[in-house]
Amino acid sequence: MAGTLLAFVTAVGEFVSSVMLYTIANRPISIEIMNQLRMFNLGQAAAYAVYQILLIAGVLLISQRFFGVKAENTL
């Protein structure tokens, strides 16, 4: 499970391969953040970044809830 979460977080923020593979119709969020920063739309870039953080946090919370270790079982 830890490997899956690590792969998900890395894939959401992946930038290098996204530059090579994206099209205008399906831009990844990391490319869109870069484009907004390039056009000096800092508010919109920050909004995309918050959305990305909330997406990752949501997946981590859901995975913890369904697959996580209970608090009493830890050291």
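FYI, the numbering just counts along the sequence from 1. Model, not experiment: these values are computed from the prediction.
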query = How long is the span from the CG atom in L54 to the CG atom in L61, to the nearest 0.5 Å?
reply = 10.0 Å
query = Are I29 and L55 grouped together when hydrophobic residues (ILVMFWY) are joined by side-chain heavy atoms under 4.5 angstrom apart?
reply = no
task = Report whether L37 and Y51 are members of the same hydrophobic cluster (ILVMFWY, side-chain heavy atoms less than 4.5 Å apart, transitive linking).
result = yes
message = If I take atom CD from residue E32 and atom CD from residue Q52, how far apart are they, to the nearest 0.5 angstrom?
response = 12.0 Å
ask   = If you look at every heavy atom in R27 and I31, which pair is closest and at what distance?
value = CD-CG2, 4.2 Å
task = Answer yes or no: is there a side-chain heavy-atom contact under 4.5 Å between T23 and N26?
result = yes
request  = Considering non-hydrogen atoms only, spot the tightest contact between A45 and Q36 and give its length.
outcome  = CB-CB, 3.8 Å
Same cluster (ILVMFWY, side-chain, under 4.5 Å), I53 and V59 = no
message = Has S63 got a side-chain atom pairing as donor or acceptor with L60's backbone, closer than 3.5 angstrom?
response = yes
